[in-house]
*Asks:* 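Let me begin by handing over the structure; questions about it come next.
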Amino acid sequence: MILELISIILGGMTIGSALMVILSKHPIRSVLYLVITFFFISGHFILMNAQFIAIVNIIVYAGAIMVLFLFVLMLLNLNKVDEKKTNHPISFTAVIAGGALLLVILAALKDGITFTNTIVKSDVGLVENLGTLLFSKYVVPFEISSILFISAMVGAVLLAKREKQHID
Amino acid sequence: MDTALLIEKFSLVVIVFLISLGVAAYSTYFERKLAAWIQDRIGPDRAGPFGLLQPIADGVKMFMKEDFIPKNSDKWLFIIGPGISMFTALITSTIIPWGPPIEIFGRQIELQIADFNIGILFIFGVVSIGVYGIMIGGWASNNKYSLFGAIRASSQMISYELAMGISLITIILLTGSLSLTDIVKSQHGMNWNIFYQPVCFLIFFICSLAETNRAPFDLAECESELVGGYHTEYSSMKLGLFLFAEYVSMFISSALMAILFFGGYNFPGMDYFDGNTLAILGVLAFFTKTFLFIFVFMWIRWTIPRFRFDQLMHLGWKTLIPAAIINMLITAIVIAFHKGWF
């Protein structure tokens with residue numbers, strides 16, 4: 001009962017902070033709201049007893065990717081003066097396109113969504129079970145994705161190295 | 001919910017909170033005394049006997065100062081910044097096992113607030129969000145020196161987080177568990193991890209210095225270049241919280257080093273005791289180790305000069321990370337060989 005209440009409140013807060021990401025005017029505030037959203041999502045994972053996924057979500061998204069976002073935005077130093085005037089026809093088209101996308105996704109997921117209580121006590125999200133699954137059933141996709149990551153890293157280093165900078 | 005458990009955990013939280021703050025407060029006094037001793041001075045000796053009331057005097061002074069918020073700053077973020085710093089410094093104390101279970105009123109009480117089965121990953125998580133306090137505070141001040149300090153701090157923390165994480169994998173491999181309780185229990189008596197993983201300890205120690213922004217890694221508040229670094233615009237207790245968070249995180253990372261490498265509450269000859277005697281001796285042993293590390297932290301600060309920024313990045317990316325990876329590979333191979341996988 002208490003868990004259900006917590007999950008409903010948490011869900012509301014997640015959606016609220018996610019809305020604030022797109023509603024807030026300032027880009028840095030948007031990023032900070034996104035970080036908060038990730039924390040709430042981790043809260044949902046903990047409610048589902050998936051502690052490993054919850055903490056990895058925080059480490060990777062809130063701790064690494066969002067820090068880089070903030071980094072770039074702070075260096076860009078966007079001011080309200082520099083902001084371009086909102087182009088009304090473009091925003092109108094964007095709304096239509098986004099709405100159409102939402103409709104397609106909803107239609108696709110229509111049968112998949114069941115509005116029952118999602119709090120299930122399962123141990124899938126614990127480290128041992130997840131590790132066993134990753135290294136037995138899903139070992140091929142796991143290895144392929146790691147190769148993908150390494151090639152992306154090598155590519156990034158190569159791109160950064162290509163132009164030699166001469167600093168006197 | 002068990003009411004007794006609730007009371008027990010709540011009182012434990014309050015005690016741990018007070019101890020963390022108390023140790024941090026007296027670390028400031030101890031640091032000044034130590035600096036004075038190293039530099040052949042006397043140090044604070046006016047407030048109370050031997051200057052023992054100095055931390056309280058400092059605290060009162062901090063509260064009495066004018067609380068100033070710069071005109072063009074982002075007000076809310078400016079206020080939140082020091083709060084996040086303090087929060088991330090304190091939150092790690094929840095997973096630290098302070099001692100063996102103690103028995104009060106016939107109840108077995110674990111001296112640990114929460115035993116996650118992902119304890120070490122929790123530390124990584126907290127370390128990785130620790131950079132937000134400095135970053136938000138530095139950016140919201142709307143001052144170029146603050147911004148420089150914040151950017152330096154965050155790039156430094158991101159770089160050293162990697163080496164720290166990779167070095168800790170060896171400890172996980174040795175213990176076979178992510179839980180801090182299991183890691184401490186596996187180091188029973190004198191069977192400490194430091195004897196198996198000296199290289200790992202060295203890497204972790206250097207990274208802790210960098211993560212707590214202590215000298216020689218305190219480029220974020222490098223006075224000679226950046227005025228005051230990320231807290232240039234801060235005053236009153238907000239500045240106090242930033243400075244205090246450094247001492248709290250120093251205490252917590254000393255405690256972590258004691259747990260991960262020096263056996264936590266384990267001490268040689270612990271099998272001769274049991275019950276509450278063991279618990280009290282264990283807690284004493286744990287705090288002795290922790291205070292030794294705090295001493296080493298301060299000793300280093302007053303001995304070694306600050307790094308240059310490129311030296312810092314070279315050390316992080318070109319020395320520590322390769323060393324950590326090689327150490328991890330060797331450990332993994334030895335363990336696999338030991339288990340007969342070849």
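Throughout, a chain's letter reflects where its sequence line sits, starting with A, and its residues are numbered from 1. In this text the structure is predicted, and so the values were computed from the model without any measurement.
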*Asks:* Has B:F87 got more than 12 heavy atoms of other residues, nucleotides or ligands less than 6.0 Å from its CZ?
*Replies:*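 For B:F87, atom CZ is not crowded (no more than 12 foreign heavy atoms under 6.0 Å).
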
*Asks:* With a 4.5 angstrom heavy-atom cut-off, could you sort out which part of A:I2 is near chain B: side chain, backbone, both or neither?
*Replies:*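 Neither part.
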
*Asks:* Does any backbone or side-chain atom of A:F39 lie under 4.5 Å from a heavy atom of chain B? Answer side chain, backbone, both or neither.
*Replies:*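 Side chain only.
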
*Asks:* Does the ring centre of A:H26 sit less than 6.0 Å away from the ring centre of B:W139?
*Replies:*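 Aromatic pair counts; centres sit under 6.0 Å.
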
*Asks:* If you count the non-hydrogen atoms of other residues, nucleotides and ligands that lie under 6.0 Å from OH in A:Y138, is the total more than 12?
*Replies:*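 Not more than 12 within 6.0 Å, no.
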
*Asks:* For the atom pair OG (B:S128) and CD1 (A:I65), what is the distance rounded to the nearest 0.5 Å?
*Replies:*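 Interatomic distance, B:S128 OG to A:I65 CD1, rounded to 0.5 Å: 11.5 Å.
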
*Asks:* Count the heavy atoms of every other residue, nucleotide or ligand shown that sit under 6.0 Å from CZ of B:F148, and state whether that count exceeds 12.
*Replies:*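 Atom CZ in B:F148 is not crowded, with 12 or fewer foreign heavy atoms closer than 6.0 Å.
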
*Asks:* Other residues, nucleotides and ligands only: do more than 12 of their heavy atoms fall within 6.0 Å of CZ on B:F124?
*Replies:*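 Yes, enclosed.
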
*Asks:* What distance do A:I59 atom CD1 and B:I129 atom CD1 have between them, rounded to the nearest 0.5 Å?
*Replies:*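 If I round to the nearest 0.5 Å, the distance is 10.0 Å.
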
*Asks:* I'd like to know whether OH of B:Y145 has more than 12 heavy-atom contacts from other residues, nucleotides or ligands below 6.0 angstrom.
*Replies:*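 Not buried by this count: 12 neighbours or fewer within 6.0 Å.
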
*Asks:* Just do the side chain to side chain contact (heavy atoms under 4.5 Å, CB included) check on A:L32 and B:L77 with the steps written out, would you?
*Replies:* CA-CA 10 Å; A:L32 292 177; B:L77 293 183; 3.5 Å; yes

*Asks:* Taking atom CZ of A:R29 and atom CH2 of B:W76, what is their separation to the nearest 0.5 Å?
*Replies:*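 One finds 9.5 Å between CZ of A:R29 and CH2 of B:W76.
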
*Asks:* Once rounded to the nearest 0.5 Å, what's the spacing between atom CG of A:L70 and atom CD1 of B:I136?
*Replies:*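 These two atoms lie 6.5 Å from each other.
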
*Asks:* Is B:L121 in contact with chain A via its backbone, its side chain, both, or neither, using a 4.5 Å heavy-atom distance?
*Replies:*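 Looking at B:L121, backbone and side chain both touch chain A.
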
*Asks:* Just how far is it from atom CD1 of A:I55 to atom CD1 of B:I120, taken to the nearest 0.5 Å?
*Replies:*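 CD1 of B:I120 is found 12.5 Å from CD1 of A:I55.
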
*Asks:* In this structure, are over 12 heavy atoms from other groups packed under 6.0 Å from A:F40 atom CZ?
*Replies:*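 More than 12 within 6.0 Å, yes.
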
*Asks:* Quick one: what part of B:I151 sits under 4.5 Å from any heavy atom of chain A, side chain, backbone, both or neither?
*Replies:*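 For B:I151, backbone and side chain are both near chain A.
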
*Asks:* Rounded to the nearest 0.5 Å, what separation is found between the CG atom of B:L178 and the CZ atom of A:F52?
*Replies:*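 The CZ atom of A:F52 is 7.5 Å from CG of B:L178, to the nearest 0.5 Å.
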
*Asks:* B:Y132 side chain to A:V35 main-chain N or O, any donor-acceptor pair under 3.5 Å?
*Replies:*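 Side chain of B:Y132 to backbone of A:V35: no pair is present.
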
